[in-house]
Colleague: 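First the structure, which I've put down as structure tokens, then a few questions once you've had a look.
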Amino acid sequence: MTTVSVLADPPHEGLVLPELYETGPLSPAEAAELYAAMLADVCLAVERSGGELLVNYRPAELLPDEYADIDGESAVRSVLEGVLEESPRTEVQVGSTFAARAGNTATHLLEQEGVDSVAIVEPTAPLISRTHIDSAAMKLRHSPVVLGPASDGRVHYTGLTEPIDFEGAYESPAVETLAWRGRDAGHEVDFLPMLPTVETSADLATVVPLIRARAAAERIVPVHTATWIDDRDLRVEDGSLTMG
């Protein structure tokens, strides 16, 4: 069983997805709502998979000073309350950068808790599914490093059965950097199909039509993200995001 860690920030207005609300039609509050919806869908996909969900939250001491009064664990749990069948295991993030926090989480689970495999999953990858996560777990039986690419050289999934050097490991292009870190450690590296993550308006303009198309075709959609998109009549028209 793979322990799947979702590294989550408190979905607070102005704190999450700054590139999204700075470059598109969403307000900081709407960006926070979207982040919460995507986080709920990602955690639900992990719970429905054969993996073990672990939600790693960013504590107050790792947040900018203006958000230091936020209780990260309570903020994340409030998003997931009523979404999951069981209350998720939560742990605090440790490290000054995302790479350090991901590395500390993965290394602790592999070396201190003795798990067979660990995955770091982005909370901004709403299209990740149970099948996707289970497929990654199968690949981890044969390859110590499994990467899920996202657009612009990013990753939505980093799976490991052996530790790698995480210092600067998410430097752009993260998928290439992480692949080299795996190879430098002497490991085979495998890949998952590409899935988009949502950090910018361009990312959102990619995801919105995909989710609307899946809904039109009556296929499985990330329900919380799809509902949020539908409630705001968010669409792509003439290449630009619009809201009703």
Colleague: Measuring from Ser117:OG to Leu160:CG, what's the distance to the nearest 0.5 Å?
Modeller: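 One gets 9.0 Å once the value is rounded to the nearest 0.5 Å.
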
Colleague: Take Tyr67 and Asp65 through the side-chain contact (heavy atoms from CB on, under 4.5 Å) test and state the conclusion after the steps.
Modeller: CA-CA 5 Å; Tyr67 302 105; Asp65 291 342; over 6 Å; no

Colleague: Would you find more than 12 non-hydrogen atoms of other residues, nucleotides or ligands less than 6.0 Å from Met243 atom CE?
Modeller: yes

Colleague: Donor-acceptor pair, distance only, cut-off 3.5 Å: does the side chain of Asn104 make one with the backbone of Ala100?
Modeller: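 Answer holds: yes.
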
Colleague: Is a donor on one side and an acceptor on the other found under 3.5 Å between the side chain of Glu30 and the backbone of Ser27?
Modeller: yes

Colleague: Flag yes if Val208 and Val223 sit in one hydrophobic cluster, no otherwise; membership is Ile, Leu, Val, Met, Phe, Trp, Tyr, and two members link when side-chain heavy atoms are under 4.5 Å apart.
Modeller: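 No, no single cluster joins them.
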
Colleague: Does Arg154 come within less than 4.0 Å of Asp203, counting only side-chain N to carboxylate O?
Modeller: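 Looking at Arg154 and Asp203, the cut-off is met.
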
Colleague: Could you check whether Arg48 pairs with Glu85 (Lys NZ or Arg NE/NH1/NH2 to Asp/Glu carboxylate O, under 4.0 Å)?
Modeller: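 Between Glu85 and Arg48 there is no salt bridge, as every charged N stays at least 4.0 Å from the carboxylate O atoms.
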
Colleague: CG of Leu234 to CZ of Arg212: how many Å apart, nearest 0.5 Å?
Modeller: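 Reported to 0.5 Å precision, the distance equals 7.0 Å.
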
Colleague: Roughly how far, to the nearest 0.5 Å, is CG of Leu195 from NE2 of His132?
Modeller: 4.5 Å

Colleague: State, without any angle test, whether Thr158 and Tyr170 hold a side-chain donor-acceptor pair at a distance under 3.5 Å.
Modeller: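 Yes, Tyr170 and Thr158 have a side-chain donor paired with an acceptor closer than 3.5 Å.
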
Colleague: So, the side chain of Thr206 versus the backbone of Ala202: is there a donor-acceptor pair under 3.5 Å, distance only?
Modeller: yes

Colleague: Take atom CD1 in Ile220; do more than 12 heavy atoms of anything else shown fall under 6.0 Å from it?
Modeller: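 Open: at most 12 neighbouring heavy atoms sit under 6.0 Å from CD1 of Ile220.
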
Colleague: Determine yes or no for a side-chain-to-main-chain donor-acceptor pair under 3.5 angstrom, with Arg181 supplying the side chain and Asp165 the backbone.
Modeller: yes

Colleague: Is it the case that one hydrophobic cluster holds both Val115 and Tyr157, taking links as side-chain heavy atoms less than 4.5 Å apart, direct or via other members?
Modeller: no

Colleague: Nearest 0.5 Å, what's the CE-OG1 distance between Met38 and Thr124?
Modeller: 5.5 Å

Colleague: Specify the closest pair of heavy atoms between Arg235 and Asp233, including all atoms of both residues, with the distance to one decimal.
Modeller: NE-OD1, 2.7 Å

Colleague: Does a sphere of radius 6.0 Å around CD in Glu22 hold more than 12 heavy atoms from other residues, nucleotides or ligands, not counting ones at 6.0 Å or beyond?
Modeller: yes

Colleague: Under 3.5 Å, side chain of Ser143 to main-chain N/O of Glu188, donor-acceptor pair present?
Modeller: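 Side chain of Ser143 to backbone of Glu188: no pair is present.
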
Colleague: For side-chain contact (heavy atoms from CB on, under 4.5 Å), just list the numbers for Leu63 and Ile70, CA-CA rounded to whole Å, side-chain angles, deciding distance to a tenth of an Å, and then say yes or no.
Modeller: CA-CA 9 Å; Leu63 298 176; Ile70 295 175; 4.2 Å; yes

Colleague: Are Leu127 and Val155 linked, directly or through intermediate hydrophobic residues, by side-chain heavy-atom contacts shorter than 4.5 Å (ILVMFWY only)?
Modeller: no

Colleague: Report the C-alpha distance between Thr161 and Asp116 in whole Å, list the side-chain angles of each, state the deciding distance to 0.1 Å, and finish with yes or no for side-chain contact (heavy atoms from CB on, under 4.5 Å).
Modeller: CA-CA 6 Å; Thr161 61; Asp116 293 330; over 6 Å; no

Colleague: Around atom CD of Glu81, are there more than 12 heavy atoms from other residues, nucleotides or ligands closer than 6.0 Å?
Modeller: no

Colleague: Does Asp190 reach the main-chain N or O of Val146 with its side chain, forming a donor-acceptor pair under 3.5 Å?
Modeller: no

Colleague: Do you know the tightest heavy-atom contact between Pro88 and Val55?
Modeller: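 Minimum heavy-atom separation between Pro88 and Val55: CB-CG2, 4.1 Å.
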
Colleague: I'd like to check the side-chain hydrogen bond (donor to acceptor under 3.5 Å, both in side chains) partners of Thr90; sequence neighbours left out, ordered by chain and number.
Modeller: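 Here the qualifying residues are Glu73, Arg77.
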
Colleague: Closest heavy-atom contact between Tyr35 and Pro123?
Modeller: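 Looking at all heavy atoms of both residues, the closest pair is OH-CG, 3.4 Å.
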
Colleague: Name the atoms and distances for all side-chain donor-acceptor pairs under 3.5 Å in residues 5-17, with sequence neighbours left out.
Modeller:
{"residue": "Ser5", "atom": "OG", "partner": "Asn56", "partner atom": "OD1", "Å": "2.5"}
{"residue": "Asp9", "atom": "OD1", "partner": "Arg58", "partner atom": "NE", "Å": "2.7"}
{"residue": "Asp9", "atom": "OD1", "partner": "Arg58", "partner atom": "NH2", "Å": "3.4"}
{"residue": "Asp9", "atom": "OD2", "partner": "Arg58", "partner atom": "NH2", "Å": "3.2"}

Colleague: Taking His187 for the side chain and Gly182 for the main chain, is one N or O donor matched with an acceptor at less than 3.5 Å?
Modeller: no

Colleague: Any chance you could measure Leu178, atom CG, to Ile164, atom CD1, to the nearest 0.5 Å?
Modeller: 5.5 Å

Colleague: How long is the straight-line distance from CG of Leu20 back to CD of Glu199, given to the nearest 0.5 Å?
Modeller: 9.5 Å

Colleague: Between Gly159 and Leu140, which heavy-atom pair has the shortest distance, and what is it?
Modeller: C-CD2, 3.6 Å

Colleague: Measure from the side-chain N and O atoms of Arg232 to the backbone N and O of Trp228, and report whether any donor-acceptor pair falls under 3.5 Å.
Modeller: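 At least one qualifying donor-acceptor pair exists.
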
Colleague: Using side-chain contact (heavy atoms from CB on, under 4.5 Å) as the criterion, point out the one residue from Leu109, Val46, Leu53 that pairs with Thr3.
Modeller: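 In the set Leu109, Val46, Leu53, the residue that makes a side-chain contact (heavy atoms from CB on, under 4.5 Å) with Thr3 is Leu109.
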
Colleague: Do Trp180 and Val145 share a hydrophobic cluster, counting only Ile, Leu, Val, Met, Phe, Trp and Tyr and linking them when any side-chain heavy atoms are less than 4.5 Å apart?
Modeller: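 Each belongs to a different hydrophobic cluster.
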
Colleague: May I ask you to test the Leu147-Leu192 pair for a side-chain heavy-atom distance under 4.5 Å?
Modeller: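 Not in contact.
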
Colleague: Of all the heavy-atom pairs spanning Asp134 and Gly50, show the shortest one and how long it is.
Modeller: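 Heavy atoms only, the tightest pair is OD1-N, 2.8 Å.
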
Colleague: Any donor and acceptor pair, going by atom type alone, linking the side chain of Thr2 with main-chain N or O of Val118 inside 3.5 Å?
Modeller: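 Judged by distance alone, no pair lies under 3.5 Å.
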
Colleague: Check whether any side-chain heavy atom of Leu44 lies under 4.5 Å from a side-chain heavy atom of His224, and answer yes or no.
Modeller: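 Touching, per the 4.5 Å side-chain cut-off.
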
Colleague: Check Ala205 against Leu241 and note the closest heavy-atom contact, atom names and distance.
Modeller: CA-CD2, 3.9 Å

Colleague: Does a sphere of radius 6.0 Å around CD in Glu218 hold more than 12 heavy atoms from other residues, nucleotides or ligands, not counting ones at 6.0 Å or beyond?
Modeller: no

Colleague: Consider only side-chain heavy atoms of I, L, V, M, F, W and Y, link residues closer than 4.5 Å, and tell whether Leu62 and Val94 are in one cluster.
Modeller: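 No, because Leu62 and Val94 fall into different hydrophobic clusters, even though each may have its own neighbours under 4.5 Å.
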
Colleague: Checking the side chain of Ser49 only, and the main-chain atoms of Arg130 only, is there a donor and an acceptor separated by less than 3.5 Å?
Modeller: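 Here the side-chain-to-backbone pair does not exist.
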
